[in-house]
Amino acid sequence: MVELVLNVLLVLTSVLLVVLILLHRGKGGGLSSMFGGAVSSQLSGSSVVEKNLNRLTVLTGVVWTVCIVTLGILLKV
């Protein structure tokens, strides 16, 4: 049962991670500028949307990593 929940969570976080990475602004703008990422503060150098997108991407990556490690441990035992 735990393995099934971890597998479903792994698939969901994998898809979400791909979408979040594609939303990041690259050299020429990116998809994040379509959703308000183009309006940025000159003092901070980065928009609030981009900072929140970074935080969400890192959090999703951590959850994905925990799922991978936990599944590896469960399958090895």
Chemist: Can you give me every donor-acceptor pair (side chain of residues 6-18, partner residue at least two apart or in another chain, under 3.5 Å) with its distance?
Modeler:
unit_1 : atom_1 : unit_2 : atom_2 : d
Asn7   : ND2    : Glu3   : O      : 3.2
Thr13  : OG1    : Leu9   : O      : 2.8
Thr13  : OG1    : Leu10  : O      : 3.1
Ser14  : OG     : Leu10  : O      : 2.7
Ser14  : OG     : Trp64  : NE1    : 3.0

Chemist: How long is the span from the CG atom in Asn52 to the CG atom in Leu59, to the nearest 0.5 Å?
Modeler: 12.0 Å

Chemist: Going from CG on Leu53 to CG on Leu20, what distance comes out if it is rounded to the nearest 0.5 angstrom?
Modeler: 6.0 Å

Chemist: Rounded to the nearest 0.5 Å, how far apart are CD of Glu50 and CG of Leu23?
Modeler: 9.0 Å

Chemist: Are Val5 and Leu71 linked, directly or through other ILVMFWY residues, by side chains that come within less than 4.5 angstrom of each other?
Modeler: no

Chemist: If you group Ile, Leu, Val, Met, Phe, Trp and Tyr by side-chain heavy-atom gaps below 4.5 Å, do Val2 and Ile68 land in one group?
Modeler: yes

